[in-house]
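Data first, discussion second: the structure below is written as structure tokens.
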There are 2 protein chains.
Amino acid sequence: MLPGMTTEAVTLDRRQRRRLETIEEVLDIAVEIMGEQGVAGLSVGEIARRMGIRPPSLYVYFPSKNALYDALFARGAEQIHAVVEADWHRLGESDLSLEQQLIDAGRSFVGWCVANPSYTQLLFWRPVPGFTPTPEAYEPAIRMLALTTSWFEQLQARGLIRADVDVAAAVRDWTVITSGVISQQLANAPDEQPGSGRFVTAIPSLAAMFAKHYGTPTPSRSRGRARHADKR
Amino acid sequence: MLPGMTTEAVTLDRRQRRRLETIEEVLDIAVEIMGEQGVAGLSVGEIARRMGIRPPSLYVYFPSKNALYDALFARGAEQIHAVVEADWHRLGESDLSLEQQLIDAGRSFVGWCVANPSYTQLLFWRPVPGFTPTPEAYEPAIRMLALTTSWFEQLQARGLIRADVDVAAAVRDWTVITSGVISQQLANAPDEQPGSGRFVTAIPSLAAMFAKHYGTPTPSRSRGRARHADKR
DNA sequence: GTCTATATGACGATAGAC
DNA sequence: GTCTATCGTCATATAGAC
């Protein structure tokens, strides 16, 4: 992430470490403010006020407000990527049905997004006029989509998704569904609990219809353990 | 919409008419600017600049910037409601299958949203810090949801949606799907043509899975007139 | 009623002293 | 690294000419 980082940079001297801590503090407070004022309502002056410094001092750490948004974008993308990666590992070793895996992954992904609405809006909508993420900040989002694709390829290889299904289309449809849940939940009922929102509870129903459409006619629901050649 | 309108107000004198024309012009230019700068990037000064007047003159027509956003919200809600109402009338008299009706209505709704991204973001996301629509501006959006619900109730009454389906849940799931398409299309490929966007083309597939899940087992596809007692 | 002229305070950002 | 001083732009408000 940090450009120019090489081997010796792994051991940071005190100044560098202090600098990184300050940067983290700035980002934490920025997230806090976005939660209160909206993503586009973030102001450099308000960050400085809460940190007990003057606004120009922040320009030592970030050359512009958009650079700050870019760091927030990268941070959010990294976090949600980590969530998806953990799901991928867990589900790759599970014997759950397609429907159950979709419910599991859907709840996990949507849960993080609803619990982190500021990051989610910044990542998936475009609420800040004039800000576009840099390719470096966007990169974890690309890795995340690749993970979802290889998860679906695995599901197909294991016979849970029909062999004639176009994986790209299935990924696209599942992405549409999850982003629809998030969009509706955040726009219409942002204050409901992450796990029990009125749209989050639609996940099982949506997972069922997806599994019925793309899954094999005989879902291997409680099928007794003759799984062969589990190549992950 | 305009409070205090009574019978004699139907015939407006020249001044009143001129005033309304100016208001429409302000809103048109505001939409234009939002399209270029983002919804939250709208500025009163820029509107005045393009109209060839000074910023304070705009406060004669709108008491605040948020009142302007409110008028834009009401206008967008009225327009999309009109789209849904037209679909409702057309489909109410059609003999199309559930799947075909969903594709038809989905394309219509999503098409308007993708063609009018500024209104869509203002209506369905919350991109403007400090702005919440007034109940009057929000009212067409409520009527729109009611229309969708009664459309689904009709579909159930006509036997296209299974009798045991909870209509509210079906409306919720369909709302999630359409808003997911819109969200993905606008966030990831906003410049693709409204009719041929890479997520808009997912509508048939999503409509098929929805119809398979909530529809009657024998979709009246070519409708041989005698709908036989739904063997399910 | 509608306009111009003008004032206020917040914002993002820069220059330069220490 | 942090500060003061300053710039230009913004939304907003008021006074007063026509």
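Chain A is the first sequence line, chain B the second, and so forth, proteins listed ahead of strands; every chain is numbered from 1.
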Q. Quick one: Met51(A) CE to dC3(D) P, roughly how many Å, whole number?
A. 10 Å

Q) With nearest nucleotides of DNA chain C determined for Pro63(A) and Arg49(A) from heavy-atom distances, which residue corresponds to the more 5′ nucleotide? A) Arg49(A)

(Q) Using whole Å, what does the distance between atom P of nucleotide dA11(D) and atom CD of Glu46(B) come to? (A) 9 Å

Q) Do Trp125(A) and Trp125(B) have ring centres separated by under 6.0 Å? A) yes

Q: Nearest whole angstrom, please: distance from the P of dG1(D) to the CZ of Arg18(A).
A: 9 Å

Q: Give one of base, sugar-phosphate or nothing for Tyr61(A), where a contact means two heavy atoms less than 4.0 Å apart.
A: sugar-phosphate

Q.
Tell me if a side-chain donor or acceptor on Glu85(B) pairs with a main-chain N or O of His89(B) at a distance below 3.5 Å.
A. no

Q. Using a cut-off of less than 4.0 Å, is there contact between a side-chain N or O of Tyr59(A) and OP1 or OP2 of dG12(C)?
A. no

Q: Would you indicate, yes or no, if dG1(D) has its OP1 or OP2 atom less than 4.0 angstrom from a side-chain nitrogen or oxygen of Arg19(A)?
A: yes

(Q) Applying a 4.0 Å non-hydrogen cut-off, can you work out what Leu42(A) is touching in the nucleic acid: base, sugar-phosphate, or nothing? (A) sugar-phosphate

Q.
Could you report the tightest heavy-atom contact between Phe124(A) and Ala187(B), atom names first, then the distance?
A. O-CB, 2.8 Å

Q: Please determine if a side-chain N or O atom of Tyr69(B) lies less than 4.0 Å away from the OP1 or OP2 oxygen of dA11(D).
A: no

Q) To the nearest Å, how far apart are Ile53(B) CD1 and dA5(C) P? A) 13 Å

Q: Using whole Å, report how far NZ of Lys65(A) lies from P of dT14(C).
A: 14 Å

Q.
Please tell me if Ser57(B) has a side-chain N or O lying less than 4.0 Å from either OP1 or OP2 of dT4(C).
A. yes

Q | Proximity to the side chain of Pro56(A) - top-ranked nucleotide from dG1(D), dA5(D), dG12(C) | A | dA5(D)

Q) When we call it a touch if two heavy atoms are under 4.0 Å apart, what does Ile47(B) touch: a base, just sugar-phosphate, or nothing? A) nothing

Q. So, is Ser43(B) close to the dA11(D) phosphate, meaning a side-chain N or O under 4.0 Å from OP1 or OP2?
A. yes

Q) How close or far is atom C1' of dG1(D) from atom CD1 of Ile23(A), stated in whole angstroms? A) 13 Å

Q: Decide if the gap between the ring center of Tyr214(A) and the ring center of Phe210(A) is smaller than 6.0 angstrom.
A: yes

Q: Respond yes when some side-chain nitrogen or oxygen of Arg54(A) is under 4.0 Å from OP1 or OP2 of dA5(D), and no when none is.
A: no

Q | Crowding at CZ, Arg143(A) (>12 non-hydrogen neighbours, <6.0 Å) | A | yes

(Q) Base, sugar-phosphate or nothing for Val60(A)? Non-hydrogen atoms, less than 4.0 Å. (A) base

Q | Between P of dT14(C) and CZ of Phe62(A), the distance in whole Å | A | 15 Å

Q. Taking CG from Leu58(B) and C1' from dA13(D), how many angstroms apart are they, rounded to a whole number?
A. 14 Å

